[in-house]
Amino acid sequence: MAVDSKTVFDRPVTLRDVVTHYCPGCTHGVIHRLVAETLDELGLRERTCGVAPVGCSVLCYNYFDTDFMEAPHGRAPALATGFKRMRPDMIVFTYQGDGDLASIGMGEIVHAANRGEKFTTIFINNAVYGMTGGQMAPTTLPGQITTTCPAGRDVNHTGEPIRIAELLAALATPGYIERVAVHTPAHILKAKKAIRKAFTLQRDNKCYTLVEVLSTCPTNWGNTPGEAIEWLDENMIKYFPLGCYKDYVEPEGK
Amino acid sequence: MAVDSKTVFDRPVTLRDVVTHYCPGCTHGVIHRLVAETLDELGLRERTCGVAPVGCSVLCYNYFDTDFMEAPHGRAPALATGFKRMRPDMIVFTYQGDGDLASIGMGEIVHAANRGEKFTTIFINNAVYGMTGGQMAPTTLPGQITTTCPAGRDVNHTGEPIRIAELLAALATPGYIERVAVHTPAHILKAKKAIRKAFTLQRDNKCYTLVEVLSTCPTNWGNTPGEAIEWLDENMIKYFPLGCYKDYVEPEGK
Amino acid sequence: MMHQYEVTFAGFGGQGIMTAGQLLAYAGIEEDKQVAWIPSYGPEMRGGTAYCTVVISDIPIGSPIISNPQCACVFNRPSFDKFTPLVKAGGLAIVNSSLIDVTTDRTDIDEILVPANEIAMKAGNAKAANVAVLGAFIGATGIVSFDTIKRVIKEKMARKKSVLEINYHALDEGRKLALKTLGKKARG
Amino acid sequence: MMHQYEVTFAGFGGQGIMTAGQLLAYAGIEEDKQVAWIPSYGPEMRGGTAYCTVVISDIPIGSPIISNPQCACVFNRPSFDKFTPLVKAGGLAIVNSSLIDVTTDRTDIDEILVPANEIAMKAGNAKAANVAVLGAFIGATGIVSFDTIKRVIKEKMARKKSVLEINYHALDEGRKLALKTLGKKARG
Amino acid sequence: MPGITIDKNHCKGCELCVRACPQHIISMSKEITVRGYFYARVHDPSRCIGCRICALVCPDVAIEVHAHGLIFELFEY
Amino acid sequence: MPGITIDKNHCKGCELCVRACPQHIISMSKEITVRGYFYARVHDPSRCIGCRICALVCPDVAIEVHAHGLIFELFEY
Amino acid sequence: MAKVLMKGNEAIAEAALRAGAEGYFCYPITPQTEVAEYLSKRMPEVGGMFLQGESELAVANMLFGAASTGKRVFTTSSSPGISLMQEAISYMAGAELPVVIINIMRGGPGLGGILPAQSDYFQAVKGGGHGDYRTLVLAPSTVQEAVDLTMLCFYLAQKYRNPVMMIGDGMIGQMMEAVEFPESYEEPPLPPPDEWAATGAKGRKARIIKSLFLDPVSLENNVLILEKKYQQMIREEVRCESYKISAKNKVLIVAYGTTARICQTVIDELEADGVSVGLFRPISLYPFPEKEILKEATRKNIKSVLTIEMSMAQMMEDVERAIQGRRPVHFYGRTGGIVPTPEEVKEQVLKVLSVKRRSTKKKS
Amino acid sequence: MAKVLMKGNEAIAEAALRAGAEGYFCYPITPQTEVAEYLSKRMPEVGGMFLQGESELAVANMLFGAASTGKRVFTTSSSPGISLMQEAISYMAGAELPVVIINIMRGGPGLGGILPAQSDYFQAVKGGGHGDYRTLVLAPSTVQEAVDLTMLCFYLAQKYRNPVMMIGDGMIGQMMEAVEFPESYEEPPLPPPDEWAATGAKGRKARIIKSLFLDPVSLENNVLILEKKYQQMIREEVRCESYKISAKNKVLIVAYGTTARICQTVIDELEADGVSVGLFRPISLYPFPEKEILKEATRKNIKSVLTIEMSMAQMMEDVERAIQGRRPVHFYGRTGGIVPTPEEVKEQVLKVLSVKRRSTKKKS
Ligand SMILES: Cc1ncc(C[n+]2csc(CCOP(=O)(O)OP(=O)(O)O)c2C)c(N)n1
Ligand SMILES: Cc1ncc(C[n+]2csc(CCOP(=O)(O)OP(=O)(O)O)c2C)c(N)n1
Ligand code: SF4
Ligand code: SF4
Ligand code: SF4
Ligand code: SF4
Ligand code: SF4
Ligand code: SF4
Ligand SMILES: [Mg+2]
Ligand SMILES: [Mg+2]
């Protein structure tokens, strides 16, 4: 018998076969794939509802082959809360950028996490407002130039970048919070594990789960995709250390 | 010469000589006095603007003899930011309850603290919505009965109480954050020190400052003022440990 | 022919003002009348005056704004000062004489003095003062029957036998006082 | 008597479309005309088509919505497909023949083929392709004078001498090509 | 001799001073104020040590503390 | 023998696969796609080890990886 | 069912449950907090979801998510809280979601006060959010009607897949009246929610619940779809009531909610005095009963129209528009928490009657 | 000063500086982000405060605080962002604060799209927040007018101590036109801010900037104080312009902003065809030029009024109200980001002309 040719890496079923609107080299695409693969692997596609943010990923509902809601800027956690509370049997995730989640949506994310809402947040930290053309985000690094801090972010004027994983980990309600990156194959593998863990915990109805993903924005960082990867590696990780900030612990006697 | 009679404790000048609308035994009154004394002692009254919240202390502008703004529910930090940014030479403080600051105003307080706005927040944590008649607050203790959690707060439904001092201390921007209480004379003295320190740091243009004050609400806790003090001591401090969560450190080379 | 009757209950918070009004309103419903119970929910200083107005009518109730009720039941001095002057000419003031040491100088209304706190204490519970006044009100006006109000008290307020007895007692004392004052003969 | 002239510049983002339009608009102002520069800021997919329209007029400009410009300067194929059909009868299409290998089949408009990328390369900088087309446009229409556009290029775009020279060169090449195509005599 | 003055007008009868006074010399009057509260008063002024604790805990700033000559510096304030 | 297929239609020419391939067998074509991008292609398919790294980093999921028989399990995925 | 004495707020809460509400999201605010307090007990009893959110902004967005499941959900709030919901309301209208929002209005602007007002008329009826959308708006004038309309709200929200608002003033929320709940609750048939809701893409194409249409042609098309529904509402959902309208009326009063009740008392009293006045009471504020008002206002004997509001001539604008200059339109209003007394309204009627003809604009 | 070519957004930013704006608080949103980007550079240059806030909600409240200092402050945003400001706007109106808010409108409702629209008319003009308040609303139709009105906004805000809005559609923000800034900026005298602002209680009584009045009599009184200002605005701040209005006009078009420009082109073209049409362009949308429209619309030859909007008949309601049924009022609108072309508007005019008499309500 001849040795069969086998496809060992392919587009996940949950990711529609369409060309995205993302810029060349933008790692939003990688993160999409990891989420889609996870839904495939856990068999959750048919009972999932995603929540799209306002940001570059506003159109992500066109890419995931699941039901979707498109939220007002920053309010995805509130939509997810409302939805999941009415349908605890479904799988709900929000996909949010740093402007969306860490700026305008701060109140909603802190409270959803603190209530222990049983959905998953995929938080894309690219240190900038991508969609509106590169303004300062709460996560913009000190000294980083954007269109609204043309002289570089001055921490005396606008404070230090906000570290969402650390901040939410300070809440007492159980949850799973990890920061990952997707700029190298090894990081992508770790990111996949974290995302899969988050959805698994959700499936098992355990706790609120958030994966912060460091992501690139070559367009607004003003560099090539390759340079963007290096910039992320050299600058972002220093400020946003990778790792698990809060792990779910099974309550005793359960 | 006869030994003169000397007044060693009196109403601070900054606190108007009017009867407040607070319930008997409500420690909002004690906190008012501490703030007023501080403004007296530091000579700041004439260049201070307070920001009143929506909550039982909404009328505090009637008690402090300083300029005042009355903010929408939860937005005092935004008003304070706008004001202080235009008038960095003035002293600005917000006086906010736990519903106001920790619930609806979460986004504003996190961002003001993170930007390092140079005003002072006096945060009154009484574990309940006082003004509207005793509904659950984000700080309501597990099991505590309120009018919107009549069976006691169920952390599986609404999460653990939010610890604001700890949460804001997780931000990287320099600041001064301390939690105090005002239920005993010794605690009151410590609270006074913290408040004075906060205003001193503001006067010296150092950093954002917040003093969280554990306070009683006999009316909505359903007990006498004396019992309320005991309840605070026995229950609240366990969950909200007192102490300094973030101390201002002079930047090197300054 | 009576179309509509309005009565205001007023006093400190904690004196059972709101409850007195509600009991009356329930009784009105029991007797198939139209009723409205309108509370004050204004900016009271705590410890200030709380009041409610009950409208009982044979026809659908129009305005819930009653500037001049036919009767005011006042439980403390500030309420006395505020509401007695508002009573319609020909109306009635029922005054808790346990806490109010003045009487109205209006000559165009009736006044019944009810030492409500004392009656309640004697009946066995200080809290029954409101029911004593209610008894006087019903005794004086006959807006609802005593049978009805007793049934309502039993259903809505005092399921425990002992408490019920106390309230019935207070109710009756109030009624008797009212009848005596107005020179009526006691009914049922 | 010319009242108003409308021209649309269209191509990929990065081809200097917006700048070309702005230079023309500045030149219009210099010559004391009324101008409006209207960009597309719609939902472009990145890498999609960007365009702007410039209106130059002797009288205040009414509608900024130009469905049918008198001229379309198209820099890539999608723009060619979209805008050439919209040109007013009697109008003009200027086509970047470096990237577009078709020509219009409309017989009611003039067409000028400008190998803009090549001209720019030859002039010394690939980025000057937009100026080459601009040169052709001005050459063909005379909407503004070359003196003016040169001054504008100098002021707004190319302060460095070397860059300036490159642009002037591209401008001139475009102009010459236009005149040749239309059989006009070169002015200024 | 140290002593305190309680402003009956401000007092809301919360009894926090009564609880707090280390000398147990404050108690509630049987009379009611215009606002309807039983108010606090000192029943044994001579034993007052001027420690200011009552004033510190009073939420209504109803208490003034006086001292004659050297005062007992219980705490820095 | 392992190998990959790059879907020219999805490729946006970001070159991340080119950077990532440990075998350095991916490069950019000189042609442009309908969307205006130079696309990636394998210039030396025979050296492909089927490690899937290119596919992992491709933001546009343009790469499919095939293997014949036993595949090299570089990582659990 | 027997009549029970209930506070407006509690009656509304109970009515919502009877109409099948399975989710309630709220944030406390006077004068409607009793709805939340009531449902914090009752919702769990009926297996529904009660959740206090962190703010009205969050609550409105929780509704957005909750309504996307196809279940019946609602919130209640009061004026400042409703202002915070405007963005989400616009989104939900755009995404065609059936939600019920009840505003127990208090005095404004700003923090204002907590006493009854009707000064959120514009916000509710014209739409306080951005873009071309409408909310259907109903206004009860008794506690019983608050019950009936609450139930109707849930039906209409589903029928039109559009946010439906009920606006009551603080008086409606706080007063107790006798109410009767229907024995059993029935509605005309509705399209089942699983035809449009996000229920999981199992055996069907994935569904997207959204208001984003980057292509302007699609966006305009979405607006036209909404507009079609609003035109249908105008045809089918106009609701109003009249009181003592007759050929003898010299003045037509237009008023809604609590104000309308006060006017009834006034009309009774004036009738006793031999002055004939009729009351037109819009129940649906959007769609506004334009034709109906015009018809009643142009009866032969009517000299003037008098609009009474607990606000500064807000509904007045719609009345003027409806009347098309065919009668002088006068206005009398109190605001900021003051409820007009029958006495002062009566005075206004008499004033209007004594004046021959006035400009339609002048506020009396 | 010489004419410069500027994008509407940047021209607005520069105009604000010239009018003395010392504080600008913002949150990015298309199609107005250039204002923020421009000022992030320019504000520090002139010693003013540029601050990007965390949300429009926060920004509006920062304005509240900033305006309380008495300095000139403003923000710019676009439709969904403006919805988030409604609570704060109501508060600022209640507290009598002078702030300038500029809305560069995009298609809605919800997230909608980013192309030009005028569909926030109701929100701006009727007040999207709660309570009885108004904002003064101006609408430019060219970049130059955007400059002039921006400067006027700052003056009017101080004059009335009230929020003033300018609403422009995305077209105004994005297009470049030649603009001229006045050499020097002068205004009529104004009461100095330190007569009312919070500047510290030194040598005077402490001041409270607030909208809370728990006593309904005081609250009503505050509303009446506001109302008095609004009546003054109605007397003093009505602004409008007409184009080719003459005795020969058969149709009167009413349009504002970009739409009005399109109508000018239409009118020119129709004139060439021998059809006389006039344009009435409200510049102040609140106060709305009611009397002025009525006057122009009731000229003898005018058969019909045609309202053109980039929204679904929003301003139309005010036009109908103004016209008082004295002429049929037609409507034509595009929405969702579609800007009507002169061609389609022309067609509508011709259609209106060919129809004898239509109900005032029918949308043509
Ligand atoms: C209420 C509101 N404010 C602002 C905007 C404009 N806006 C759209 S996307 C965006 C920022 C998105 O940045 P981020 O969340 O970091 O996502 P990214 O594009 O970087 O992936 C903003 C401010 C909006 N649509 N709605
Ligand atoms: C936007 C808005 N939502 C809700 C309210 C109603 N409200 C007034 S005070 C209050 C809670 C106050 O609680 P807290 O901040 O804890 O202060 P406390 O009364 O306990 O001192 C609420 C919800 C409001 N005024 N505005
Ligand atoms: S703008 Fe940045 S974040 Fe957005 S698609 Fe492009 S690269 Fe990605
Ligand atoms: S309700 Fe509670 S917090 Fe408010 S004044 Fe009374 S005791 Fe104090
Ligand atoms: S000063 Fe000290 S001793 Fe004197 S009354 Fe007060 S607490 Fe008691
Ligand atoms: S602590 Fe103050 S308010 Fe309380 S009882 Fe003593 S004196 Fe009165
Ligand atoms: S599978 Fe590995 S070796 Fe083969 S092309 Fe991709 S990265 Fe290179
Ligand atoms: S990584 Fe993907 S999109 Fe990028 S060049 Fe390679 S195949 Fe193309
Ligand atoms: Mg981002
Ligand atoms: Mg509280």
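We name chains A, B, ... by the order of the sequence lines, and we start the count at 1 in each one. Only heavy atoms go into these numbers, but all of them, side chains included; no hydrogens, no water, no symmetry mates.
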Under 30°, 30 to 60°, or over 60°: which ring-plane class applies to A/Tyr95 and A/His32, parallel, tilted or perpendicular?
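Ring orientation of A/Tyr95 relative to A/His32: perpendicular.
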What are the two closest non-hydrogen atoms of H/Gly108 and H/Ser119, and how far apart are they?
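It is N-OG, 4.0 Å.
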Which atom pair, heavy atoms only, marks the closest approach of A/Thr146 to A/Met136?
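Shortest heavy-atom contact: OG1-N, 3.1 Å.
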Chain A heavy atoms under 4.5 Å from [X]: which part of the residue, side chain, backbone, both or neither?
X	answer
H/Leu84	side chain
H/Met49	side chain
H/Glu37	both
H/Thr33	side chain

What part of A/His73 is in contact with chain H, defined as an atom under 4.5 angstrom from a non-hydrogen atom: side chain, backbone, both or neither?
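Side chain only.
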Among A/Phe93, A/Tyr63, A/Phe83, find the one that has a ring pair (Phe, Tyr, Trp, His ring centres under 6.0 Å) with A/Phe68.
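When A/Phe93, A/Tyr63, A/Phe83 are each tested with A/Phe68, the ring pair (Phe, Tyr, Trp, His ring centres under 6.0 Å) holds only for A/Phe93.
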I'd like to know which of H/Ser55, H/Ala58, H/Pro44 tops the heavy-atom pair count under 4.5 Å against chain A.
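Greatest number of close heavy-atom pairs with chain A: H/Ser55.
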Does the ring centre of H/Phe50 sit less than 6.0 Å away from the ring centre of A/His157?
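No, ring centres 6.0 Å or more apart.
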